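Notes follow the structure.
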Amino acid sequence: TRTLTGREKALLGVTTALAAAFAVNIKRTIDYGDWLDKTSQKMGVSTEALSGYKLAAELAGSSQQGLVKGLQKLQKNMGAALQTPTSAAGLAFRRLGLDITDADGHLRNVEDMLPEFADAISNLDDGTTKTSIAMELMGRSGAELIPFLNAGADGLASMAEEAQAMGVVMSEDVTKASAEFNDAITRLKTTADGFFQQSASFYIPTLADIAEGAVIAMRAVMGLDEAQQRADDNRDRSREAIIEQAEQAEHARNAVETL
């Protein structure tokens, strides 16, 4: 066989590294799509919005996780304001001039609410009032999301379009396929675990007998059984001696009493 030249070895190494990097990034993308799919279901926010706002959140110095936490808190406070209009959340929404219900009186979707919320926050002067309202309605994430919200509805839409042009917006079809792929991998791993567990269950009794036999053999080789027998014999003799002494003492006591 021909030996590879230095250049061929280098090319092979680069190709292998690129293939490995490609595989890692593919799996990372699949995991991200899976996460988007599950997060979308939990929040009722489209995967396009979740992935589309990621760029805007990061450019604002926050993160996608920070945005998700903020939106979850906003959702919770929308529900609280609907249930108790005089609550702190209800008063905060009223101060911003925002309606949290649609024409039918139903709670609005937070995805639909976000652009208007951003506009309302961006119209406030930077300072304590803006920060306190943002934190009241979005929790701790509210403060770090102020630069994101300051972009307003138009700014967020523009950055979402930029994200789309970059190819980082993931559609529902892609995220569902990612989730299905990971679910299939999980089922495959579980099936393999089941196979090995069933195989082990079949052999475990035999392995236990082998281990027990090995223990017996080892004890015989080391003379442990004989030592144990001697210890048992000594214990029995000691017990018999104690009983005999007790009987003798009892006879002596009886003899004294009869005198």
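Below, each value reflects all heavy atoms present in this structure, side chains not excepted, and no hydrogens, waters or symmetry copies. Computed from a predicted structure; not experimentally measured.
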Check for a donor-acceptor pair, side chain of Ser141 on one end and backbone N or O of Lys69 on the other, with a separation under 3.5 Å.
no

Got a sec, which residues hit side-chain hydrogen bond (donor to acceptor under 3.5 Å, both in side chains) with Thr131, two or more places apart in sequence or on another chain?
none

Does the Asn77 side chain pair with the main chain of Lys73, one donor and one acceptor, at a distance under 3.5 Å?
yes

Keeping Gln75 on the side-chain end and Met43 on the backbone end, is there a donor-acceptor pair under 3.5 Å?
yes

Can you tell me if Gln41 and Asp37 form a side-chain donor-acceptor pair at under 3.5 Å?
yes

Any donor-acceptor pair under 3.5 Å linking the side chain of Thr175 with the backbone of Leu36?
no

Test item: Asp119 side-chain N/O and Ala153 main-chain N/O as donor-acceptor pair under 3.5 Å
yes

Where the side chain of Ser158 meets the backbone of Asp154, is there a donor-acceptor pair that is under 3.5 Å apart?
no

Any donor and acceptor pair, going by atom type alone, linking the side chain of Glu172 with main-chain N or O of Glu48 inside 3.5 Å?
no

Considering only NZ, NE, NH1 and NH2 on the basic side and carboxylate oxygens on the acidic side, decide whether Asp31 and Lys27 come within less than 4.0 Å.
yes

Measure from the side-chain N and O atoms of Glu116 to the backbone N and O of Leu98, and report whether any donor-acceptor pair falls under 3.5 Å.
no

What is the minimum heavy-atom distance between Asn150 and Lys130, and which atoms define it?
OD1-NZ, 2.7 Å

Can you tell whether the side chains of Lys54 and Glu58 come within less than 4.0 Å, N to carboxylate O?
yes

State, without any angle test, whether Tyr32 and Gln64 hold a side-chain donor-acceptor pair at a distance under 3.5 Å.
yes

Show every salt bridge (Lys or Arg N to Asp or Glu O under 4.0 Å) that has at least one partner inside residues 136-145, sequence neighbours left out.
none

Check: His106 main-chain N/O paired with Asp104 side-chain donor or acceptor under 3.5 Å:
no

Indicate yes or no for a side-chain donor-acceptor contact from Thr84 to the backbone of Ser87 under 3.5 Å, with no hydrogens or angles considered.
no

